Number of protein chains: 2
Amino acid sequence: MRLSAKGEYGVRAMVYLALNYRSGPIPLSKIALGENISQQFLEQIFAALRREGLIYSARGIKGGYTLAYPPEKICVGDIIRALEGPITPVNCLSEGKEEADRCTRADICLTRNVWERLRDHINYLLDNISLQDMIEGKFDEFIVNK
Amino acid sequence: MRLSAKGEYGVRAMVYLALNYRSGPIPLSKIALGENISQQFLEQIFAALRREGLIYSARGIKGGYTLAYPPEKICVGDIIRALEGPITPVNCLSEGKEEADRCTRADICLTRNVWERLRDHINYLLDNISLQDMIEGKFDEFIVNK
DNA sequence: TTAATCCTGAGTAATTTACTCGGCATTTAT
DNA sequence: ATAAATGCCGAGTAAATTACTCAGGATTAA
């Protein structure tokens with residue numbers, strides 16, 4: 001149940017962009033320095049974030065990256081899914097993997113419910129914390145009751 | 001944010017034991033067959049579960065494993081922590097790792113709050129689902145409000 | 001034209017995961 | 001006493017994933 005470095009760095013970098021929202025494009029070199037993350041690794045991360053439409057890029061000198069949406073419109077869940085794929089504790093929950101054969105057993109379905117619940121919890125939590133929330137340092141309290 | 005096979009198999013195996021609670025020791029061969037898991041791998045898993053005191057073992061013919069507590073006293077969190085160590089999305093949250101140097105940065109603390117919250121959510125959820133709950137197929141509804 | 005940037009695909013090193021293997025120890029039934 | 005079924009243990013290995021690096025091209029502003 002660990003986040004990858006990609007996910008962790010990605011969120012940190014996005015917070016960095018959020019803190020500098022409306023300051024024009026921020027170059028990777030600056031983020032790499034400020035967050036003490038390898039710039040080349042950040043390039044990989046930003047490629048994925050861009051593919052998912054979470055950031056805009058500007059090339060050339062004075063280029064860099066900016067958030068594609070205001071900080072309150074981007075949530076942690078978006079970032080992590082962009083970088084790690086679907087957030088799910090076990091594979092057999094995501095789409096049509098052919099592991100369905102295992103799931104014919106009675107008790108599997110028992111465990112399956114737990115993983116579904118866990119998956120939904122995590123997604124719900126991370127979808128309700130925006131970059132803006134993080135900057136302000138306070139998240140909404142919420143009731144999870146599903 | 002994926003569970004290891006060890007964790008997944010471990011929970012399935014423990015459910016198996018719970019379903020056969022009070023039927024005497026269950027040998028690994030039976031579980032391996034019933035759950036379609038490599039018996040040798042199960043040995044590793046059960047060694048860890050035993051080290052953590054979640055199961056008892058009986059050697060020799062007619063030997064096997066039994067739950068160390070009734071199914072309502074053992075929760076999914078116990079099992080996963082026994083098999084994967086502390087449940088935490090990022091390392092820097094667990095004890096005195098020397099990654100504290102990174103955590104001097106202002107925005108790191110911003111992200112740290114999120115990971116702490118996520119960690120607590122996951123642990124709370126998994127600590128409130130017992131083997132008995134899984135067998136009965138219904139979990140308590142709960143309010144997460146921290 | 002230059003320098004700073006983004007962009008891309010491939011490659012690699014390290015780590016973790018998911019096991020296997022060999023063999024010994026214990027217990028019960030015969 | 002012996003055999004057979006089990007647990008127990010430490011080491012080893014193969015595969016997958018992660019966490020990067022590397023080389024070089026494309027774009028843009030000064």
Side-chain angles (χ1 to χ4, degrees), chain A residues 1-13 17 20 23-33 35-66 68 80 83-85 89-91 97 99 102, chain B residues 1-13 17 20 23-33 35-66 68 80 83-86 88-91 97 99 102:
Chain A
M1 299 300 297
R2 298 283 156 91
L3 211 61
S4 66
K6 223 165 161 177
E8 193 186 339
Y9 294 170
V11 173
R12 277 165 60 191
L17 288 187
N20 294 279
S23 307
I26 310 292
L28 277 193
S29 54
K30 212 174 160 191
I31 304 177
L33 205 66
E35 290 292 330
N36 193 31
I37 300 172
S38 147
Q39 180 167 344
Q40 290 180 313
F41 194 26
L42 272 181
E43 276 177 8
Q44 302 252 324
I45 291 167
F46 275 66
L49 293 172
R50 184 169 169 275
R51 245 179 272 122
E52 297 298 317
L54 296 179
I55 54 177
Y56 294 141
S57 64
R59 295 174 117 184
I61 208 167
K62 294 271 176 182
Y65 294 93
T66 52
I80 294 180
L83 295 172
E84 303 191 352
V90 297
N91 278 330
K97 300 283 191 127
E99 322 192 40
R102 284 221 215 98
Chain B
M1 299 298 298
R2 298 282 157 94
L3 210 63
S4 66
K6 222 164 161 175
E8 193 186 338
Y9 294 170
V11 174
R12 277 165 60 192
L17 288 187
N20 294 281
S23 307
I26 311 290
L28 277 194
S29 54
K30 211 173 160 192
I31 304 177
L33 205 66
E35 290 293 329
N36 194 31
I37 299 172
S38 147
Q39 180 167 343
Q40 290 181 313
F41 194 27
L42 272 182
E43 277 177 9
Q44 302 252 323
I45 291 167
F46 275 65
L49 293 172
R50 185 168 168 276
R51 246 179 273 122
E52 297 298 318
L54 296 180
I55 53 177
Y56 293 140
S57 64
R59 294 175 117 184
I61 208 167
K62 295 270 177 182
Y65 295 93
T66 52
I80 294 182
L83 296 173
E84 304 190 351
T88 177
V90 297
N91 278 330
K97 299 283 190 125
E99 322 192 40
R102 285 219 215 98

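Reminder, nothing fancy here: chain letters follow the sequence lines and each chain counts from 1. Because the structure is a prediction, the values reported are computed rather than measured.
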Measure the spacing between CG of B:L28 and CG of B:L33 and express it to the nearest 0.5 Å. 12.0 Å
Output the residues of residues 41-50 of chain B in contact with DNA chain C, where contact means a heavy atom of the residue under 4.0 Å from an atom of the strand; sort by number or write none. B:F41, B:Q44
Excluding sequence neighbours, so at least two apart, what forms side-chain contact (heavy atoms from CB on, under 4.5 Å) with A:E84? A:L3, A:S4, A:I80, B:M1
When rounded to the nearest 0.5 Å, the distance separating CG of A:L49 from OG of A:S57 is 11.5 Å
The ring-ring contact (aromatic ring centres under 6.0 Å, His included) partners of A:Y56 (sequence neighbours excluded) come to none
Go through the structure and list residues passing side-chain contact (heavy atoms from CB on, under 4.5 Å) with B:K30, not counting sequence neighbours. B:Y16, B:I26, B:P27
When rounded to whole Å, the CG to P distance for the pair A:L83 and D:dA19 reads 11 Å
Looking at B:Y65, I'd like to know whether one of its side-chain N or O atoms comes within less than 4.0 Å of OP1 or OP2 on D:dC8. yes
Give the minimum heavy-atom separation between B:A13 and B:I31, together with the two atoms involved. CB-CG2, 4.1 Å
What is the distance, rounded to the nearest whole Å, between atom CD of B:Q40 and atom P of D:dA14? 15 Å
Strictly below 4.0 Å, heavy-atom distances to any atom of DNA chain D: list the hits from residues 52-62 of chain B, or just say none. B:S57, B:A58, B:R59, B:G60, B:I61
Take the protein atom NZ of B:K30 and the nucleotide atom C1' of D:dA5, then report the distance between them rounded to whole Å. 14 Å
Please tell me which of B:I26 and A:G7 maps to the more 5' nucleotide of DNA chain D, matching each residue to the nucleotide holding its nearest heavy atom. B:I26
Mind listing the closest non-hydrogen atom pair of A:P25 and A:G63 along with its distance? CB-C, 3.7 Å
Spacing of A:I37 atom CD1 relative to D:dT21 atom P, expressed in whole Å: 12 Å
Considering only heavy atoms of chain B and a distance under 4.0 Å, specify the first and last nucleotide of DNA chain C in 5' to 3' order that meet this criterion. C:dA18 to C:dT28
Polar side-chain atom of A:R2 near backbone of B:N91 as donor-acceptor pair, under 3.5 Å: no
For residues 38-47 of chain A, which side-chain donor-acceptor pairs fall under 3.5 Å, sequence neighbours excluded?
residue, atom, partner, partner atom, Å
A:S38, OG, A:Q40, N, 3.3
A:S38, OG, A:F41, N, 3.1

Minimal heavy-atom distance between B:L83 and B:A48, with the atoms involved, is CD2-CB, 3.8 Å
What are the two closest non-hydrogen atoms of A:I55 and A:Y65, and how far apart are they? CD1-CD2, 3.6 Å
